[in-house]
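Throughout, a chain's letter reflects where its sequence line sits, starting with A, and its residues are numbered from 1. In what follows, every heavy atom counts, from backbone to side chain, and hydrogens, waters and symmetry copies are set aside. These numbers were taken from a predicted model, which means no experiment stands behind them.
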Amino acid sequence: MKRLLLLDGHSLAYRAFFALPAENFSTSTGQHTNAVYGFTSMLINVLRDTEPTHLGVAFDVSRQTFRTEEYAEYKAGRATTPNEFKGQVSLVKEVLDAMGVAHIELDGYEADDILATLTTQAVDQGFDEVLLCSGDRDALQLVGDKVTVLYPVKGVSELARMTPAAVEEKYGVPPERYSDLAALVGEKSDNLPGVPGVGPKTAAKWLTTYGDLTGLVASIDQIKGKAGESVRAHLDGVLRNRRLNQLLTDVPLELGPDDLVRADWNRDEVHRVFDGLEFKVLRDRLFATLGTSEPEAEGNVDVDGEVVAEGGAEKALASLTGRTGVHVLGTWARGTGDAAGIGLAGDDGRALYIDLTALTPDDEKPLAAWLADESKPKAMHDAKGPMHALDARGLTLRGLTSDTAIAAYIVRPDQRSYGFDDLLLRYCHIELPQAGDAASGQGMLDLGGTATAETDDVMARAAAVAKLATALDEAVAEVGGTELMADLEMPVVDVLAGMEKAGIAVDLDELQSLESDYDALVVQAQHDAWDAIGGEQVNLGSPKQLQTVLFETLGMPKTKKTKTGYTTDAEALADLYEKEPHPFLEALLRHRDSSKLRSTVAGLIKSVADDGRIHTTYQQTIAATGRLSSTDPNLQNIPIRTESGRRIRRVFVVGEGYECLMSADYSQIEMRVMAHLSGDEGLIHAFNEGEDLHRFVGSRVFGVEPDGVTPEMRAKVKAMSYGLAYGLSAFGLSKQLRISTAEAQRLMDGYFERFGGVRDYLRHVVDDARAVGYTETMMGRRRYLPDLASDNRQRRDMAERMALNAPIQGSAADIMKKAMLGVDEALRDGEYASRVLLQVHDELILEIAEGEREAVEKLVREQMGSAADLDVPLDVNVGTGASWQDAEH
DNA sequence: CCTGTCACGTA
DNA sequence: CGTACGTGACAGGA
């Protein structure tokens, strides 16, 4: 039995480089190893799964090949190889040398040509099987009875087995026609454009009809329709693509397939190389795969699982040691859920599974007590949802010292997604056993056999979350986030869970009547718009159709360009209306307004729960600055600016059994943060005197008495003050205020002259961020901004604006979170029935119980006002009323 | 059905 | 050529 495994080293390492974040894979000396790690991990897996007798890895040498000679644009436009990747290829080769794996490269040829040549030779020489592992789809043309391509589908852990049947199923053509298909469709990454308007489906249909590309060319005049015209116009390109995507099978190699027989590997060399790369777990996995009799002690991830029998909970819980990893089996959404089981794992690898659907009182009592015991430290991943599920079973969870999603967010707040399996691989270099396969090998969590069962999976996850939490504790400490985590983010989880569970009451009848009101306005506006253009029934919601009407039918002047044409946004339409007050524009703007409000209302109606309340979900790990976000529905963007929009706020009402809603919002919190951080004496003075900020700033900038500041002056200054916190330029200010750039520049100069502290602060904050690589909020929340060093000006400018804004927006977010904790705690301490329902960045909405209004107002003012110690006061406005709208005054 | 784009609501 | 979000509609590819 001869089985040859061939890998495209460059493409696989490159994939690994992007699949694994560089910052989590580097040695103590700073050498990045993510590409080496990912490639080696992939190699070990594929060796384990395929057990080849012969093995080789091909590399590209340079970009100069016969393909670039024929077509200079071949692979042009590719981003330059990142510096962090360069150098890792030679490390990959060191790994291969240590493992005794041959690697092959030849100037002027791509790795895939080498693979193609070896594959052809191996088949000719009677090999039983050839396996090609490549991230380049061109390799699919080689697939045959004895040749299978292993194509990485996502990340570094999953390979698709592309047999002839699989190729045909995916692309609709057999492997020998794949290159014809690719020539028609094009290959973006190689800069080979295909036929416009022709996708894989059309191409496959043609190739089936005409046999192959040659047949297609012979009958090319018979192809009907637009696609036919298109392919005739682009035939030269197609034929060129076909010449270029043909892999060479006659590369003059020094080694043949038989020379690739697996050689002995050098244990000492593996130790030396892997030591240098600081690969511990991977080394264990390698030794396990290569069949060593020497399993190394480190990286032991055995889990000893036990499904707790009836009546055994108390004793089992008592046996848990250290911080317990918790994983809940169940479902959750919109402030509620359902939990079926719970996995608990101590730090000694002992894990328990407790079925929650059939708990006897004898088990439930100790479990509930243990879960609620603050002194039993616990770790979970994304705990808020599971907490709802437990809550639905009457179980309260306390003592959470780590939520691994939040920990990862503190370490890198820009990621937006913190999947458990990814974090586990990144921070612990551990993989969970997948359903269906028993765990095996080092670096895999191993429950000793029945890894397919759901209970085992839950226990494995509980054990994994405990390990992950420990690894992340360290990572959090490295970014100085330990306190932020313990004192702010973790306690906030509880508060948010409470808010989500409570929800906010709405007047459903009123919502429905609003919907029909807005619907009538939409219909009327649509009618007026259609009338205004002679009855043509254009879809007013389609930017594309609007462009036709505005710029062709009506011949209006072109607006600002977008990627796909010209903008039809409200600002541009208003501009057009000034130049040309066409009734269509007026009706269109009305239609926009009304349909937006209608869909907002429709969304709210859909999300009213059975209890007559809307339960939003707060996301704590999304906004890179530290803010919360709200989804399903988003209650942080309910209209307020227009009267018709404010009607929507009237449907958010006080619930039964409560007296009123209370709104408490910070006044100008970001400006106050800026005053504090900059230490600017003028701004600090203004806030301390309790003056109208914009009037005060206006009087200084324009050199008049505060009473002499006109509304126009005040509006300009207000726009500028807020703009500064976002990195506004004179150009941007001029556009917003509809003044000349020169006048905008004079305004800004005047501002900075009077408020030099602000200017100095804004300058320093960017410089400092560039020097250390991150910005920091008042409570130590970091945001890393590598693009500050980018040589791309657009990216660098963007990063600079983020650096300007992140400490201001982020500090305000910190303060609000602190205030929420204070308010929540004070409400509990005072045993009030009133509760916090919503947070809208600088505003809290509370539901006030009968007779508690005055006391709660006092407590809210105290807690919000003292959430941070600034050089300026934190002013809080409080209002109450029967609806959100009424409370805001 | 999924994905990208546009548009627009909030702080 | 002003930050941070989420949602809905359309359009184009399947």
Side-chain angles (χ1 to χ4, degrees), chain A residues 170 172 185 196-202 204 413-414 416 539-547 560-573 588-589 591-593 595-604 606-607 616-619 622-642 644-646 648-649 665-666 668-671 674 719-737 741 744 762 775 783 793-794 797-810 812-813 816 838-843:
Chain A
K170 185 159 167 71
V185 176
V198 173
K201 293 286 162 189
T202 310
D414 276 279
R416 289 185 77 93
N539 180 350
L540 299 177
S542 163
K544 210 177 155 218
Q545 293 185 34
L546 283 181
Q547 285 176 48
K560 222 172 73 176
K561 278 205 163 176
T562 66
K563 273 184 189 166
T564 54
Y566 298 93
T567 183
T568 66
D569 67 19
E571 191 194 338
L573 295 179
L588 175 57
L589 283 165
H591 181 269
R592 279 269 172 82
D593 257 3
S595 55
K596 176 81 184 173
L597 293 169
R598 182 182 63 180
S599 70
T600 301
V601 170
L604 292 175
K606 265 196 294 187
S607 49
T616 185
T617 300
Y618 286 103
Q619 304 288 343
I622 294 293
T625 52
R627 276 190 176 181
L628 299 174
S629 75
S630 156
T631 64
D632 195 24
N634 181 357
L635 293 185
Q636 290 180 322
N637 70 343
I638 301 301
I640 191 171
R641 284 173 201 191
T642 64
S644 57
R646 280 194 291 273
I648 298 179
R649 293 200 169 212
D665 73 297
Y666 282 118
Q668 294 160 331
I669 187 166
E670 292 196 359
M671 289 308 298
M674 189 153 91
M720 181 162 54
S721 290
Y722 279 105
L724 288 176
Y726 301 147
L728 186 68
S729 64
F731 180 87
L733 183 64
S734 75
K735 268 199 59 183
Q736 192 192 330
L737 297 177
T741 321
L762 294 175
T775 61
R783 179 174 187 185
R793 214 192 78 170
Q794 199 178 324
D797 285 353
M798 184 74 177
E800 286 180 2
R801 292 193 296 271
M802 292 175 179
L804 223 57
N805 177 252
I808 299 170
Q809 189 185 115
M816 180 48 113
L838 302 180
Q839 187 254 42
V840 191
H841 309 305
D842 67 355
E843 173 186 17

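Of the possible donor and acceptor atoms, one in the side chain of A/R649 sits under 3.5 Å from a partner among the backbone N and O of A/I638. In this structure a side-chain-to-backbone donor-acceptor pair under 3.5 Å is missing from A/T568 to A/P543.
Phosphate proximity of C/dG2 to A/S729: present, with a side-chain N or O under 4.0 Å from OP1 or OP2. An OP1 or OP2 oxygen of C/dC5 is reached within less than 4.0 angstrom by no side-chain nitrogen or oxygen of A/R627.
Across the protein-nucleic acid pair, A/L737 atom CG and C/dG2 atom C1' stand 12 Å apart, rounded to whole Å. Whole-Å rounding puts the A/D414 CG to C/dT3 C1' distance at 13 Å. To the nearest angstrom, P of C/dG2 lies 14 Å from CG of A/L762. Between the C1' atom of C/dC5 and the NE2 atom of A/H841 lies a distance of 6 Å, rounded to the nearest Å. Rounded to whole Å, the distance from CG on A/L728 to P on C/dA4 is 14 Å. Rounded to whole angstrom, the span from the OH atom of A/Y726 across to the C1' atom of C/dG2 amounts to 8 Å.
Nucleic acid contact for A/L597: none, since no nucleic acid atom lies under 4.0 Å from a heavy atom of the residue. A/A624 comes within contact range of the sugar-phosphate backbone alone, with a heavy-atom separation under 4.0 Å but no base atom that close. Nucleic acid contact class of A/M798 (heavy atoms, under 4.0 Å, all strands): sugar-phosphate only. If you check every strand for non-hydrogen atoms under 4.0 Å, A/I640 touches sugar and phosphate atoms only. Residue A/Q736 is in base contact, counting any heavy-atom pair closer than 4.0 Å across all strands shown. Residue A/R783 is classed as a sugar-phosphate contact, given heavy-atom separations below 4.0 Å to backbone atoms only. Counting non-hydrogen atoms under 4.0 angstrom, A/A570 reaches the backbone sugars and phosphates but no base. Here A/S595 lies out of heavy-atom contact (under 4.0 Å) with every strand.
In summary, A/R592 and A/E571 do not engage in a salt bridge, as defined by a charged side-chain N under 4.0 Å from a carboxylate O.
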**Prompt:** Quick one: what's the B/S/- string for nucleotides 6-14 of chain C, heavy-atom cutoff under 4.0 Å, read 5' to 3'?
**Reply:** BS--SSS-S
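Protein chain A contacts DNA chain B from B/dT5 to B/dA11, reading 5' to 3' and using non-hydrogen atoms of the protein with a distance under 4.0 Å.
With a 4.5 Å cut-off on side-chain heavy atoms, A/Q839 and A/M816 count as touching. Put simply, the side chain of A/K560 does not reach to within 4.5 Å of the side chain of A/Y566, judged on heavy atoms. Counting heavy atoms from C-beta on, the side chains of A/T631 and A/Q619 come closer than 4.5 Å.
Considering every non-hydrogen atom in both A/P639 and A/L597, the closest pair reads CG-CD2, 3.8 Å.
Side-chain atoms of A/T616 and A/S630 form a donor-acceptor pair, as typed in the model, at a separation below 3.5 Å. In summary, the side chains of A/R801 and A/S729 do not present any donor paired with an acceptor at a separation below 3.5 Å, with no hydrogens or angles considered. Side-chain contact annotation: A/Q809 with A/T625, donor-acceptor N/O pair under 3.5 Å present.
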